[in-house]
Structures are given as C-alpha cells and as structure tokens.
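Note that the structure is predicted; figures quoted are calculated from it, not measured.
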Amino acid sequence: MWNSQAPLQLLLSMPNTLSKENLINLQAVIDVDKIINSQRLKRDLCGEYAPFCDFCDKSLQYPCAHAYVKMKQSEGLDVEIDKAVFEKAVVKEEHKEEKPRKLIRIAHLKRTK
C-alpha cells in the first residue's frame, strides 16, 4: 500500500545526522503518499499507514519523519536526528503562551405581561 522506496531513497541521500530541513523533506514525501492512499481508501490512514506507524509519537513535530527514522535505526541504519531539533521543540513548548479567554455575558430578558 505505501511507497517504501521514495522515503528510503530520500533518507539515503541525506547526511547521517538529520537537520530540521531534512525532517521537513522526509515528512513531505511520506505525507504525499499517505494522503493519496487516504483519499483512495476514503479514510484517514494516520496510525495504520505503514510499518513505521508503530514508532509514532504524535507529540513531536514531523511525527511520520521521526517514526520512519526510528524504524530505520531499529533496522540498523546509521542515521540520527540532530539534538538541536529536539531542543528547539522543547524551548518552543516552554514559551508557549496561552491566549486570554474572552468573557461572554449572556443577558437574561424578563418577560412582562
């Protein structure tokens, strides 16, 4: 069902330590194939699309790319993700500001006879 060759060829053309840009490109290749298959089957295939879905952590940015790299690492491929990618994600999460809530007043009308 999934095109296993496209992400593998892309990953093999990349350096052994993947940057954020590498993850973005890998995610895009996986997303295109996943969307095509999701449309063909008329349902969202997230979580069941490919063997690497078992390694998925949806809390990460570019979850498919991370999961694919983890699967390839478990198969013995010498590839890793630059630690700076994770540090930026953590810093981004720490400085996340909540939007102030808007208060809505609901008026009650009294009916007079």
- Should L41 and I35 be regarded as members of a common hydrophobic cluster, given that ILVMFWY residues are connected when their side-chain heavy atoms come within less than 4.5 Å of each other, either directly or indirectly? no
- Message: Membership question, hydrophobic clusters at under 4.5 Å side-chain separation (ILVMFWY): are I24 and L26 in the same one?
- Response: yes
- Ignoring hydrogens and angles, tell me if any N or O in the side chain of T17 forms a donor-acceptor pair with the backbone of I81 under 3.5 Å. no
- To the nearest 0.5 Å, tell me how far D31 CG sits from Y49 OH. 8.5 Å
- Residues in salt bridge (charged side-chain N to carboxylate O under 4.0 Å, His left out) contact with E75, at least two apart in sequence or another chain: K72
- Message: Could you measure the distance from the CG atom of L10 to the CD atom of Q5? Nearest 0.5 Å is fine.
- Response: 12.5 Å
- Message: Using only atom types and a distance under 3.5 Å, with no angle test, would you say the side chain of E80 pairs donor to acceptor with the backbone of L18?
- Response: no
- Query: Are any of the side-chain heavy atoms of M14 and N25 separated by less than 4.5 Å?
  - Reply: yes
- Item | salt bridge (charged side-chain N to carboxylate O under 4.0 Å, His left out) partners for D54, two or more places apart | none
- Query: Does some side-chain heavy atom of L77 sit less than 4.5 Å from a side-chain heavy atom of L12?
  - Reply: yes
- Query: Is a donor on one side and an acceptor on the other found under 3.5 Å between the side chain of N22 and the backbone of S19?
  - Reply: yes
- Message: Any non-hydrogen side-chain atom of V79 less than 4.5 Å from a side-chain atom of N16?
- Response: no
- Message: Using the salt bridge (charged side-chain N to carboxylate O under 4.0 Å, His left out) criterion, which residues pair with R43? Sequence neighbours excluded.
- Response: E48
- Could you tell me which residues satisfy side-chain contact (heavy atoms from CB on, under 4.5 Å) with K42, sequence neighbours excluded, listed by chain and number? none
- Note on the structure: CD1 of I30 to OG of S4, rounded to nearest 0.5 Å, is 11.0 Å
When the side chains of residues 62-71 are checked against the rest of the protein, which donor-acceptor pairs come out under 3.5 Å, sequence neighbours left out?
{"residue": "H66", "atom": "NE2", "partner": "Q61", "partner atom": "O", "Å": "3.2"}
{"residue": "Y68", "atom": "OH", "partner": "L8", "partner atom": "N", "Å": "3.2"}

- Item | Other cluster members, I36 - Ile/Leu/Val/Met/Phe/Trp/Tyr, side-chain contacts below 4.5 Å | V32
